[in-house]
2 protein chains.
Amino acid sequence: MLRLSKLTDYAVVVLIRLSEGERAPARCCAEDAVQTSPGIANATGVPEPTVAKVLKALAGAGLVVSQRGARGGYRLARPLSEIAVADVITAVDGPIALTACVDGGAGGCDVQSLCAVRGRWDLVNAAIREALTGITLAEMREASVPPAFRPMPDLAPRPAPAVAE
Amino acid sequence: MLRLSKLTDYAVVVLIRLSEGERAPARCCAEDAVQTSPGIANATGVPEPTVAKVLKALAGAGLVVSQRGARGGYRLARPLSEIAVADVITAVDGPIALTACVDGGAGGCDVQSLCAVRGRWDLVNAAIREALTGITLAEMREASVPPAFRPMPDLAPRPAPAVAE
DNA sequence: CGATATCCGGACCGGATCGGTACTGTATGG
DNA sequence: CCATACAGTACCGATCCGGTCCGGATATCG
């Protein structure tokens, strides 16, 4: 299923929200346009603690900068065009690795025969990583803007013989 | 982390083993070169029940054909060059979808604000699916053959500003 | 300069899904 | 007729994710 953390989804929402800045509220134009965790949570609907956790991970990865103190908050470190989906995934879910026996495989394989798979998924990992690196958050934001224009996309064409899903 | 099922890894091992056929054993050239679950399990080191489950899923997807009966077993339905990684993942782990709110999103989103993400990941899903469709098991088998030639691959170069992992 | 309120940081816990196992039924081949 | 091997179902354990709570640090306000 290629399970991707829900946290990553939240991270994208939070980052896009962070890029849009605070428009409506009464707070008249903050100097750095920092946004607080509760504010983002209120705007996005994500629970506050979860937002805080996501922001924390993002701050640790350098995607956002944190401003501590009474009037602190979070601010984007880079424009969305410079943030790839791979960066968000790496920040939230850790390094991109499909299986346990890739890249930083610490030799946790219990069966030797299985370890023959080492390096086998590297091609797939590289391909996925490249695909994820080529997509920026700005593109994702643009993609979600006109929902009426894409009622049912066919996704990617599959030259290989498709099997019953 | 892009968690990929361990079952998928096993499936690749099993399929490659299935493609290599039975060379060593005393069984003098089976008519269809069918291999039994215990045989594959013994050859690969994967527990027999797991092999059986993987084979079952693969048979359901049409990647392998099953031969019931006393001298039954499994046989590849297609050469490895015709089997894409995406097919294996789809067969074992179900359809490729990173998040719950994509493609067949049944509207399980509890928060409306979150549902604004609908369709946002479609680009990423399409890219990943395309990447996975473009890699066949034959390529993966070739990649794993010479382990000495790639002691520490750099994987994919990352044009985007790399963050601390 | 001190108090305060706010916010970041790390730690803990519950729940859910996945991985693995065992049993029984059915069909084929000897 | 019996042995073999796949197919289906059900169960159990473990790992990991998601959510929540509390403590430390900091900038503002008095």
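Computed from a predicted structure; not experimentally measured.
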Enquirer: Starting from C1' on dT26(D), measure out to CZ on Arg68(A) and report it in whole angstrom.
Expert: 6 Å
Enquirer: Going by heavy atoms in the side chains, are Arg75(B) and Val64(B) under 4.5 Å from each other?
Expert: no
Enquirer: Can you confirm whether Gln35(A) sits close enough to Arg17(A) that some side-chain heavy atom of one is under 4.5 Å from a side-chain heavy atom of the other?
Expert: yes
Enquirer: What's the shortest heavy-atom distance between Ala84(A) and Thr133(A), and which atoms?
Expert: CB-O, 3.4 Å
Enquirer: Could you check whether Leu7(A) gets within reach of a base, just the sugar-phosphate, or nothing at all, counting any heavy atom under 4.0 Å?
Expert: sugar-phosphate
Enquirer: Just compare dT20(D), dG25(C), dG20(C) and give me whichever is closest to any side-chain atom of Lys6(B).
Expert: dG20(C)
Enquirer: Phosphate oxygens OP1/OP2 of dC8(C): is one of them under 4.0 Å from a side-chain N or O of Ser37(A)?
Expert: yes
Enquirer: With a 4.5 Å limit on heavy-atom distance, are the side chains of Arg78(B) and Leu63(B) in contact?
Expert: no
Enquirer: Is there a side-chain contact between Ile40(A) and Leu55(A), using heavy atoms and a 4.5 Å cut-off?
Expert: yes
Enquirer: Taking Asn42(A) for its side chain and Gly39(A) for its backbone only, find out whether a donor-acceptor pair lies under 3.5 Å.
Expert: no
Enquirer: For a quick test of reading the model: is some side-chain N or O of Tyr10(A) closer than 4.0 Å to OP1 or OP2 of dG18(D)?
Expert: no
Enquirer: What nitrogen or oxygen pairs link the protein and nucleotides 10-15 of chain C at under 3.5 Å?
Expert:
from    : atom 1 : to       : atom 2 : distance (Å)
dG10(C) : OP2    : Lys56(A) : NZ     : 3.0

Enquirer: Let me know the distance between CG of Leu18(B) and P of dC6(D), rounded to the nearest Å.
Expert: 11 Å
Enquirer: Check nucleotides 3-6 of chain C for protein N or O atoms closer than 3.5 Å to its own N or O atoms and list the pairs.
Expert:
from   : atom 1 : to       : atom 2 : distance (Å)
dT6(C) : O3'    : Ala70(A) : O      : 3.4

Enquirer: Between Tyr74(A) (OH) and dC7(C) (C1'), how many Å, whole number?
Expert: 8 Å
Enquirer: Mind calculating the distance between CD (Gln67(B)) and P (dT4(D)) to the nearest angstrom?
Expert: 18 Å
Enquirer: What is the distance from CD of Glu48(B) to C1' of dG19(C), rounded to the nearest Å?
Expert: 16 Å
Enquirer: Checking Thr50(A) side chain against Val46(A) main chain: does a donor-acceptor pair fall under 3.5 Å?
Expert: no
Enquirer: Which nucleotide in the list dG20(C), dG19(C), dG19(D) gets nearest to the side chain of Ser5(B)?
Expert: dG19(C)
Enquirer: Need to verify one output field. Residue with the more 5' nearest nucleotide on DNA chain D, Pro49(A) or Ser66(B)?
Expert: Ser66(B)
Enquirer: Check the distance between dG18(D)'s C1' and Asp93(A)'s CG and give it to me in whole angstrom.
Expert: 12 Å
Enquirer: Please test Leu80(A) against Thr136(A) for side-chain contact (heavy atoms from CB on, under 4.5 Å), starting from the C-alpha separation and ending with a verdict.
Expert: CA-CA 7 Å; Leu80(A) 287 190; Thr136(A) 66; over 6 Å; no
Enquirer: Under the criterion side chain to side chain contact (heavy atoms under 4.5 Å, CB included), which of Leu15(A), Asp9(A), Leu132(A), Val14(A) is the partner of Val88(A)?
Expert: Leu15(A)
